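This report concerns only the one structure given below.
First the proteins, then the strands, lettered A, B, ... as listed; each starts at 1. A quick note: this is a predicted structure, and the numbers were derived from the prediction, not measured.
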Protein chains: 2
Amino acid sequence: MSPTRIPEATVARLPVYLRALNALLEGDIRTCSSEELATAAGVNSAKLRKDLSHLGSYGTRGVGYDVEYLRYQISREIGLTQDWPVVIVGIGNLGHALANYSGFSSRGFRTVALLDADTSRHGELVAGLQIRPFTELAAIVREHGVAIGVIATPAAAAQSVCDSMVGAGIRSILNFAPSVLSVPEEVDVRMVDLSSELQILAYHEQRKSNGGPDLEGVPA
Amino acid sequence: MSPTRIPEATVARLPVYLRALNALLEGDIRTCSSEELATAAGVNSAKLRKDLSHLGSYGTRGVGYDVEYLRYQISREIGLTQDWPVVIVGIGNLGHALANYSGFSSRGFRTVALLDADTSRHGELVAGLQIRPFTELAAIVREHGVAIGVIATPAAAAQSVCDSMVGAGIRSILNFAPSVLSVPEEVDVRMVDLSSELQILAYHEQRKSNGGPDLEGVPA
DNA sequence: AAGAGTTTGTGAACGCGAGAACAAACTGAG
DNA sequence: CTCAGTTTGTTCTCGCGTTCACAAACTCTT
Ligand SMILES: NC(=O)c1ccc[n+]([C@@H]2O[C@H](COP(=O)([O-])OP(=O)(O)OC[C@H]3O[C@@H](n4cnc5c(N)ncnc54)[C@H](O)[C@@H]3O)[C@@H](O)[C@H]2O)c1
Ligand SMILES: NC(=O)c1ccc[n+]([C@@H]2O[C@H](COP(=O)([O-])OP(=O)(O)OC[C@H]3O[C@@H](n4cnc5c(N)ncnc54)[C@H](O)[C@@H]3O)[C@@H](O)[C@H]2O)c1
């Protein structure tokens, strides 16, 4: 069905399109043009069309796209038609927020376990799940067929947790700890670095202030 | 001092280099080669050198980089030598975690206010700050000279919160709500979409399972 | 049925970023 | 001082992603 590999940049935008399509459906809009969908997703319409063309020809010329049909096709392409068990390791401030986040489960991601090394937290109920010892990782992965792991521990523990995850058979990791993880070739790591995001904003903000009114900060 | 514009891809990596340099300094390493720093940052050494060359010539051929000096130069370039007041709007699960996160304040980002529309939360103490009414936004921005705002409200409220921020004079926004924000030209928005990250992992995971052993799912 | 009006899918041009490869510049030994 | 060794800064090439522009394909009116 999808013989060609989809460009990475396109893959990263598919979830955005999916969100836009869901929003349209909630407004009872059954059909949309690439222009409308692109606006809703915040991208160029040409880019959107090219992205979608990588999945196949799901639109109709002169008409547009059937919202529900396109949503299904994108979901299938990403793999959201199946259910993905997820484990979260490190149930501190961030881990709590993630465990309570409904946006994950609503998209086919099912948190099957919350793990923490701190014994004093074991048994504590978070979002309907008990916090369990980190040592149970391998058993849980095996039992539920977990493929995706989330790391929300301090940076110092991240690599070690990562190694255990890989050892247990997890092949996709979402890392919130500000730490570069080294993993085997076949394992995917995506890093979410909130501090970096703020720093990038700060860089541009500084540029706006300095480069704006006067070029040099020192007057004659 | 920095006449040429720095490529966006480079800007996005500077915070990573900064982290790596901090880690080296903690290990009392005063000097490093591009190779060492690149390994610590998880990038190619040629890329690192090219990135740094955009800031200036801060290394010494045959020797390498002075860790502390380079760290200062990158900090200055990003704008971390000054202090950035930040407001967080929407103190729910995620807002709490962000407010409690020490990684922000340690890098020159100072949370000056936590705002929420829910009156029943006002006055509640989070990370040493009282939750205040959202209506005080403009006054707080004016008083503290806030340039950076963080949105951690539900998606339905995000655009409205964003508009208020822009109206109050905020020009850089970090958005955690899964919602495309429309802003004037001069305002920067960075989106952190955790759900998208998981979906991207799922896509690759699906590929690994299907495309791995056999090319077609159906044997002869 | 034909033609005007729409909208998709794609070919082609362009620009940016990644990586290899090398010259310039520094250190240190003899 | 000279020369070998090291490491940076930069040039060059290549590939990817973005955008424009247009032909192909569809609808609807007359
Ligand atoms: N809180 C935020 O908003 C925020 C924002 C950006 C990044 N982060 C990063 O996310 C990570 C977690 O942040 P946090 O604020 O939740 O920290 P936290 O200290 O509140 O929670 C960390 C949790 O990890 C557990 N832990 C420690 N070592 C472990 C190990 N080896 N195995 C399993 N569990 C272990 C601890 O017991 C604790 O419960 C940190 O790396 C932080 O830098 C957090
Ligand atoms: N919790 C997570 O881990 C997580 C992960 C990814 C994304 N998100 C996104 O982050 C946002 C917040 O998530 P959450 O789990 O903290 O939700 P939450 O419901 O716990 O918190 C939202 C807060 O925003 C406040 N609020 C609502 N409307 C407001 C308005 N107009 N002005 C000011 N404040 C307002 C609410 O009173 C509430 O306190 C959501 O958009 C969610 O999709 C959360």
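- Rounding to whole angstrom units, NZ of residue A:Lys50 and P of C:dA13 are separated by 13 Å.
- For the pair B:Ile200/A:Glu8, a side-chain contact is recorded, criterion being any heavy-atom separation below 4.5 Å from C-beta on.
- B:Tyr58 has its ring centre no less than 6.0 Å from the ring centre of B:Tyr65.
- Using a cutoff of 4.0 Å between basic side-chain nitrogens and carboxylate oxygens, A:Arg171 and B:Glu205 are scored as salt-bridged.
- If you take CG of A:Leu70 and P of C:dT7, they are 16 Å apart, rounded to a whole angstrom.
- Residues passing the salt bridge (charged side-chain N to carboxylate O under 4.0 Å, His left out) test with B:Arg13, sequence neighbours excluded: B:Asp51.
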Footprint string (nucleotides 21-30 of chain D, 5' to 3'): B base within contact, S backbone only, - free, heavy atoms under 4.0 Å: B--BBBS---
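- Taking atom CD of A:Glu36 as the reference point, atom P of C:dT6 lies 14 Å away to the nearest angstrom.
- The interatomic distance linking B:Arg5 (CZ) with C:dC16 (C1') rounds to 10 Å, in whole Å.
- Rounded to whole Å, the distance from CZ on A:Arg13 to C1' on D:dT19 is 12 Å.
- A donor and an acceptor atom, one from each side chain of B:Ser195 and B:Gln199, are located under 3.5 Å apart.
- Salt bridge status for A:Arg207 with B:Glu77: present, with a side-chain N to carboxylate O gap under 4.0 Å.
- For B:Tyr69 and B:Tyr72, the gap between ring centers reaches or exceeds 6.0 Å.
- Between A:Ser34 and C:dT7 there is no side-chain N or O to OP1 or OP2 distance below 4.0 Å.
- B:Glu35 comes within 4.0 angstrom of nothing in the nucleic acid, heavy atoms only.
- Regarding A:Leu55, its CG atom lies at a distance of 10 Å from the P atom of C:dG9, rounded to whole Å.
- The distance between atom NZ of A:Lys47 and atom P of C:dT8, rounded to the nearest whole Å, is 17 Å.
- Not one side-chain nitrogen or oxygen of B:Asn44 sits closer than 4.0 Å to the OP1 or OP2 atom of C:dG17.
- Phosphate contact (OP1/OP2 of D:dG9, side-chain N/O of B:Tyr65, threshold under 4.0 Å): present.
- B:Leu37 has its CG atom 14 Å from the P atom of D:dT7, to the nearest Å.
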